[in-house]
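One structure is given below, encoded as structure tokens.
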Amino acid sequence: MTSSSWLPAQLTSMAHNVDLLFYIMLGIITFFFVVVEVLLITFLIRYRRTKRNQVGVNVHGNNVLETVWTLIPALILVFMGAYSVKYVYEAQNPPAKPLVIEVIGHEWFWEFKYPNGLDTHNDLRIPAGQNVLFDIHSADVIHGFYIPEARIQQDALPGRMTQFWVNVDTKDIGKQFQVPCDQFCGTGHPIMVGKLTVMSADDFNSWMQTELQKQQTKS
Amino acid sequence: MEAVLHAPRRSFVREWVLTVDHKKIGIMYGVTALFFFLIGGLFALLVRTDLLSYRGVFDAQSYNEFFTMHATVMVFLVIIPMLMGAFANYLVPLQVGARDMAFPRMNALSYWLYFVGGIIILLSMLYGMPDSGWTSYPPYSLTSQGPGMDFWVMAIHIVGLSSILGAINIIVTVHRMRAPGMTWNRLPLFVWSTLVTAYMQLFATPALAGAVTTLLLDRHFGTAFYDTSAGGDPMMYQHLFWFYSHPAVYIMIVPAFGIISEVIPVFARKPIFGYHAIAYSSVAIGFLGFFVWAHHMFVAGMQMSAGIPFMISSLVIAVPTSVKIFNWLATMWRGAVEYTVPMMFASLGFIGSFIIGGFSGVIVAAVPLDMHLHDTYFVVAHIHYVLFGGAVMCIMAGIHFWFPKLTGRMYNEKLGYLGFWLYFIGTQVTFFPMHLVGLAGMPRRIASYAPIFQTWNQVATIGSYILGLGTLVILYNLMVSAKYGRKVGHNPWHARTLEWTVSSPPPEHNFEEIPVVTENPYRPYTPEELTASRESA
Ligand code: HEM
Ligand SMILES: [Cu+2]
Ligand SMILES: [Cu+2]
């Protein structure tokens, strides 16, 4: 994690897109936030009770204003919604022929199963520049598989598979990130944190092979 | 006044325990809810104290029990009973011009059910506190050890029943017992908002009962609603739970909106701007509130695109909310705003803070952003800006506003302002930093966390101590002033809703003669009327 108080590093192009959406929405709401706070403070001060200002004017409403301040937020909000839709589909539809890693939540660690049969605990490695699809489920209670730097999470459920995919920028090769559990799952919930390492495709493949051999000779 | 003086002296048991008077029941609800507010607040301070260090000060099990108790107490034993038990009970019959609720004995039953439910929650502390969060998702909640969890289920049932009975009482009272001339267009906005809320309670609460009953059955009677190996599905619980609990978040704010609609016009000395817009937007919220529940489940195993309709409905529900904000602002425009304590809570306190929660709601309602922010501290910030910056600020506005009506005395103003500023500053210091760590990906419900988040967490903890201090100041002020405060007349604020036409406190059956209503209660006082009102007060 690179930031303690703002959006963390962007691992994928999807993270860039999500951040862009966030900044657009943040811009809009900040504008309205400032408008409302300024009006509030101004009215509080400008129209305070004084010796000469004892009673307000006798106005009961205004239909034009009502229509305006109903329609403008409605249009903006629906625009925000419509604008978000394409990101949803982008995140949902897995690309063709991805590398599939099985993610299994346990009380309290993450298990990762790689295509060659390698099986690790809390040690997630992914090749940069390749589409990686996570097949996520749980061996016991509900957990939450979350990669903040990819701006995405899905719950890990017993008896049901959830998925998401990432394609990590090659610029991040060699970097490490945390993979926290993001669904309350008991006393081990805070320490259920996996380690994500971004590797080059070659390094990843040789790592998978050597780790597998190590595991096989051990058992 | 006569009626009060001549009221027969009764023993405490007759006066309070056996009472069926809506005002007494309302006060009992209020006092009980404030007691639980202290308990819930204590748990909040324990939670925040744990987070002073990134390693955690307490062990994880205790931490989990603390946040579970905190949220359970605050939602089910503080905010809902305070708004729909205390405020609605005390005010609805008075404001519609009735002598009592439609079913006074059922009203007492609602209170005592709530009381028993609260006791059961307290008892659960002795038998292994519940530790599964106020949401209690299975399968985790099924594995929770000890009977604490079962106490929790039982308490939710009882409190839920209390809520349903209370809702029926309000609905019937508002529909059937309005004074002559109290047409829908003259109904005080607080009554409009409680009516909408009562309908939400009536239709939503049974889903919660279903959710927790199935938990209990799975825990003890071998059923498999949530056991996947036997074909059960934990997601069903989440649907049931949120089918109640999303409306419940509006149950916790719509009556609070009603309080604001009463307070602002009185102190701005202006008619409420857009009476109909405010009334109908409550109805719209009540209706739309039933169509957004799955926005709590965007990452819970639904197909991502299945979240789209819920995203749109959640964004749409922000519209009636913003309509209200604009109308309240317009009520202050060209008014004559008096900076009383209730007005400070309502304007700067509520409007100034709540909008932050509304805006963060819009952010998390967008599916792609919620994929990142769900279950992080960003959501915790959102919840607290709407519930603390929203509901609690309104409750404090309301308590100070109607305090002279309840007691016939005025609170101490200096202490009132001190309480307000501690609350206002405490809210921002506690909850704003949570947005920042949430954006950075700090998960919620964790007893220990990554060291980089420590600074902001310590800031938030300091803020929570400020809030704790503010709570003590406010409660001290109310307790002392109830006994020793300056005496005031029946209408110290020069307001027009019917409760201000009777003595403070009001006589046993409210109105000697049922009033005949001839106008909307938001016409401001003319200067001549003000002089007359001051003289009579
Ligand atoms: C502008 C209108 C609002 C919108 C669009 C909105 C949206 C949302 C969304 C999408 C979530 C789920 C976030 C997540 O868990 O990932 C959420 C959570 C929550 N909201 Fe709101 N909200 C709004 C207003 C309110 C109000 C008025 C209240 C209560 C007074 C409220 C109380 C809550 C609570 C308690 C939660 C968290 C529940 C939990 O997980 O424990 N919200 N809101
Ligand atoms: Cu977890
Ligand atoms: Cu909701």
Side-chain angles (χ1 to χ4, degrees), chain A residues 1 3-8 18 21-22 25 29 33 36-37 39-40 43-44 47-49 53-61 66 69-70 73-74 77-78 80-81 84-85 87-89 91-92 141-142 144 148 151-155 157-160 162 180 182-187 189-190, chain B residues 60-61 133 137 139-140 228 234 268-271 273-274 277 299-301 304-305 308 311-312 315 318-319 322-323 325-326 329 332-338 347 351-352 355 359 362-363 366-369 371-372 374-375 436-437 439-441 443 445-450 452-453 456 524 527:
Chain A
M1 265 173 261
S3 170
S4 66
S5 54
W6 199 247
L7 294 166
V18 170
L21 178 67
F22 173 75
M25 290 185 62
I29 65 176
F33 170 75
V36 172
E37 297 287 359
L39 288 178
L40 177 68
F43 291 176
L44 275 174
Y47 302 114
R48 70 186 175 281
R49 183 98 39 102
N53 183 26
Q54 280 287 318
V55 183
V57 297
N58 193 3
V59 186
H60 289 260
E66 294 294 346
W69 65 47
T70 310
L77 287 162
V78 169
M80 287 180 179
S84 306
V85 167
Y87 294 106
V88 179
Y89 283 101
Q92 169 169 309
V141 303
I142 303 176
R151 307 288 186 272
I152 196 157
Q153 64 181 301
Q154 283 288 311
D155 280 0
L157 297 131
R160 184 192 289 257
T162 55
D182 201 23
Q183 179 62 256
F184 178 61
C185 58
T187 49
H189 175 55
Chain B
Q61 179 62 28
Y137 281 7
Y140 179 68
T228 43
R269 285 230 178 112
K270 247 192 85 198
F273 195 95
V299 304
M304 287 182 198
S305 55
I308 291 172
M311 161 169 78
I312 302 294
L315 293 169
V319 175
S322 64
V323 166
I325 301 275
F326 286 122
L329 285 177
M332 292 165 57
W333 169 75
R334 298 190 63 193
V337 178
E338 189 181 6
S347 55
I351 299 183
I355 56 167
F359 287 132
V362 169
I363 297 274
V367 178
L369 301 184
M371 293 284 153
H372 174 48
H374 175 75
D375 261 344
L436 304 177
V437 292
L439 281 173
R445 297 179 169 178
I446 50 177
S448 54
Y449 52 90
I452 53 165
F453 298 129
W456 282 124

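By convention in this document, chain letters (A, B, ...) are assigned in the order of the sequence lines, proteins followed by strands, and residues within each chain are numbered from 1.
- Contacts of A/L157 with chain B are made by side-chain atoms alone, with heavy-atom separations under 4.5 Å and no backbone atom involved.
- Heavy atoms closer than 4.5 Å to chain B are found in both the backbone and the side chain of A/F33.
- For A/T187, the parts sitting under 4.5 Å from any heavy atom of chain B are the backbone and the side chain alike.
- Contact tally against chain A (heavy-atom pairs below 4.5 Å) for B/G133, B/A300, B/G301: the top residue is B/A300.
- Side-chain contact check for B/M304 versus A/I152: some heavy-atom pair is nearer than 4.5 Å.
- For chain A, the nearby part of B/A268 is the backbone; its heavy atoms alone come within less than 4.5 Å.
- Closest heavy-atom contact between B/G335 and A/N53: O-ND2, 3.0 Å.
- Heavy atoms of B/Y137 lying under 4.5 Å from chain A belong exclusively to its side chain.
- To the nearest 0.5 Å, atom CD of residue A/Q183 and atom CG of residue B/D375 are 4.5 Å apart.
- In terms of non-hydrogen atom pairs under 4.5 Å with chain B, the most contact-rich of A/L21, A/L40, A/T162 is A/L40.
- Contact annotation for B/L329: both backbone and side-chain heavy atoms come within less than 4.5 Å of a heavy atom of chain A.
- Minimum interatomic distance between A/P158 and B/T228 (heavy atoms only, all atoms of both residues): O-CG2, 3.1 Å.
- The closest side-chain heavy-atom distance from A/V55 to B/P527 is below 4.5 Å.
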- Message: Is there a side-chain contact (heavy atoms from CB on, under 4.5 Å) between A/V88 and B/M371? Walk through the geometry before answering.
- Response: CA-CA 9 Å; A/V88 179; B/M371 293 284 153; 5.9 Å; no
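- Ranked by non-hydrogen atom pairs under 4.5 Å with chain B, the options A/H60, A/H189, A/R48, A/Q153 are led by A/Q153.
- Ring orientation note: the planes of B/F273 and A/W69 are tilted relative to one another, at an angle of 30° to 60°.
- Residues A/P180 and B/P443 share a closest heavy-atom pair of CB-CG, 3.9 Å.
- With respect to chain A, the highest number of heavy-atom pairs below 4.5 Å among B/L369, B/I446, B/L439, B/I351 belongs to B/L439.
- Using a 4.5 Å cut-off between heavy atoms, B/I363 contacts chain A through both its backbone and its side chain.
- The structure places CE of A/M25 at 6.0 Å from CG of B/L315, a figure rounded to the nearest 0.5 Å.
- In terms of non-hydrogen atom pairs under 4.5 Å with chain A, the most contact-rich of B/V367, B/V437, B/I312, B/I308 is B/I308.
- Taking CZ of B/R269 as the reference point, atom CZ of A/R49 lies at 3.5 Å (rounded to 0.5 Å).
- Contact of B/W456 with chain A is made through the side chain alone, with heavy-atom distances under 4.5 Å.
- When heavy atoms are compared at a cutoff of 4.5 Å, B/P234 approaches chain A solely by way of its side chain, counted from C-beta outward.
- Of the listed residues (A/G144, A/G56, A/A91), the one with the most heavy-atom contacts under 4.5 Å to chain B is A/G56.
- Of the listed residues (B/P271, B/P139, B/A447), the greatest number of heavy-atom pairs within a distance under 4.5 Å of chain A belongs to B/P271.
- Between B/P368 and A/V18, the shortest heavy-atom contact is O-CG1, 3.9 Å.
- Only the side chain of A/R160 comes within contact range of chain B, with heavy atoms under 4.5 Å apart.
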- Task: Go through A/V59 and B/R334 one step at a time and tell me if the side-chain contact (heavy atoms from CB on, under 4.5 Å) criterion holds.
- Result: CA-CA 9 Å; A/V59 186; B/R334 298 190 63 193; 5.7 Å; no
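- Proximity to chain A (any heavy atom under 4.5 Å) is restricted, for B/S322, to the side chain, taken from C-beta onward.
- Contact annotation for A/Q154: both backbone and side-chain heavy atoms come within less than 4.5 Å of a heavy atom of chain B.
- Contact tally against chain A (heavy-atom pairs below 4.5 Å) for B/R445, B/H374, B/H372: the top residue is B/H372.
- The CG atom of A/L39 sits 11.5 Å away from atom CD1 of B/I325, with the distance rounded to the nearest 0.5 Å.
- Using a 4.5 Å cut-off between heavy atoms, B/M311 touches chain A through its side chain atoms alone.
- The minimum heavy-atom distance linking B/G352 with A/E37 is given by the pair O-OE2, 2.7 Å.
- In this structure, A/E66 and B/A277 approach most closely via the heavy-atom pair OE1-CB, 3.2 Å.
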